[in-house]
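Residue numbering restarts at 1 for every chain, and letters A, B, ... go by the order of the sequence lines.
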Amino acid sequence: MSADLERATYTYAIARPFHPSHLWGVRGVDGTAVHVVSDDALVAVVGTLPFTGADEVALRTKLEDPAELEAIARAHHAVVETVFERSVTLPFRLATIHDSEQRVVEMLRAGRQRFDQALALLAGRVEIGVKIYADLVSSSPTSGRGGGAVEDEGSADPGRDYLRRRREQLLDRASANRRIADAAARTGDTLARLAVDHRYHRAQDPRLSGVTEENVLNAAYLVDVTSIESFVALARSLDIDLAETRVEITGPWPPYSFAEPDAPQGAAETIGR
Amino acid sequence: MTELSTWTTGRSADDATGRYGSPAAPNLADVLERVLDKGMVIAGDIKINLLDIELLTIKLRLLVASLDKAKEIGIDWWEHDPALSSSGRSRALEVENDQLRKRLDELEAAACVDRGAPQ
């Protein structure tokens with residue numbers, strides 16, 4: 001198959017079969033068309049990249065350019081979402097590339113059991129993202145209340161008084177922050193009881209999310225389609241209970257966070273990172 | 001195929017109104033977090049080592065800081081920097097990854113001490 005060797009096949013997701021017309025006009029990475037490769041009751045949603053193994057460095061270079069990476073990531077996600085709207089979908093991580101479509105068929109065959117198991121878990125379910133943000137009190141001496149600005153009138157040892165105040169301040173802030181983090185973790189666990197499965201992710205970095213408050217909980221929940229409304233209602237009601245925090249609900253997402261069934265499960269992190 | 005019929009019922013056909021608390025185009029951080037760090041991992045024929053999202057964030061920050069600085073003093077050194085231009089970058093990237101990881105560990109350790117958090 002020398003023709004195949006000239007190009008590479010990019011896989012976006014595996015899914016249960018759906019009508020191919022749903023992919024008509026859909027464009028993926030680099031604006032390339034998208035179609036399916038089938039094997040029995042599994043389809044891989046793929047695109048053909050104008051790309052050979054020799055161009056690997058070029059792709060890698062692209063993926064390191066922030067603007068290119070964003071375009072590729074959004075294109076990947078758009079295809080996965082299109083599939084997810086039509087069928088049970090197992091999203092793939094970005095940049096899964098084979099030498100040919102035949103190699104994708106081989107992947108479907110070799111991984112059949114793993115794919116079937118994953119799809120069975122995901123059928124009729126969506127991923128809902130729940131993030132909690134809090135305005136944690138800074139422990140920096142130049143910010144926050146007090147800040148050591150109060151004059152020590154008539155104290156015998158202003159230096160020692162300052163240090164004592166400063167220590168008390170830090171302890172106060174640490175305990176306030178801990179209280180918020182614990183409440184966020186409890187909220188995460190409460191929501192987990194209403195979900196089929198859950199994953200606690202690393203806190204998002206404000207530099208990437210653009211949110212300046214601290215991300216004290218970053219969770220993904222696998223929720224039955226029939227319980228989405230009650231799950232979201234519960235998440236929203238918890239928002240009101242936690243006065244110092246803000247809850248952000250995103251989704252429904254294709255179940256990216258649940259694509260690997262054996263991912264390790266931890267308790268809700270408090271302050272992440 | 002009964003799965004499919006139950007599947008579509010729960011989802012709104014309109015993306016903009018079927019979502020919770022986010023606009024039609026999801027937040028880039030949310031998308032990157034999912035497509036770079038989640039999703040099924042299959043070893044393809046062509047191996048692309050992606051920066052994970054944490055390293056990516058640090059790299060972006062360094063890049064933005066560097067570009068701002070460069071613009072300030074009117075130079076374009078990044079065009080010649082092996083880590084930022086396309087030639088000879090593979091090795092440079094590995095070294096950079098190691099450096100970023102190390103720096104991240106230091107920052108994390110510092111952050112823990114700063115917050116008085118355990119561990």
What's the separation between atom OG1 in A:Thr89 and atom CD1 in A:Ile14, rounded to the nearest 0.5 Å? 10.5 Å
Structural part of A:Asn218 lying under 4.5 Å from a heavy atom of chain B: side chain
Report the option among A:Gly129, A:Ala13, A:Ala73, A:Ala220 that has the most heavy-atom pairs separated by less than 4.5 Å from atoms of chain B. A:Ala73
Side chain A:Asp224, main chain A:Ser227, donor-acceptor under 3.5 Å: no
Less than 4.5 Å to any heavy atom of chain B: does that hold for the side chain of A:His98, its backbone, both, or neither? both
Side chains of A:Glu101 and A:Thr9: do they bring a donor and an acceptor to under 3.5 Å? no
Do side-chain atoms of B:Asn27 reach the backbone of B:Ala29 as a donor and acceptor pair under 3.5 angstrom? yes
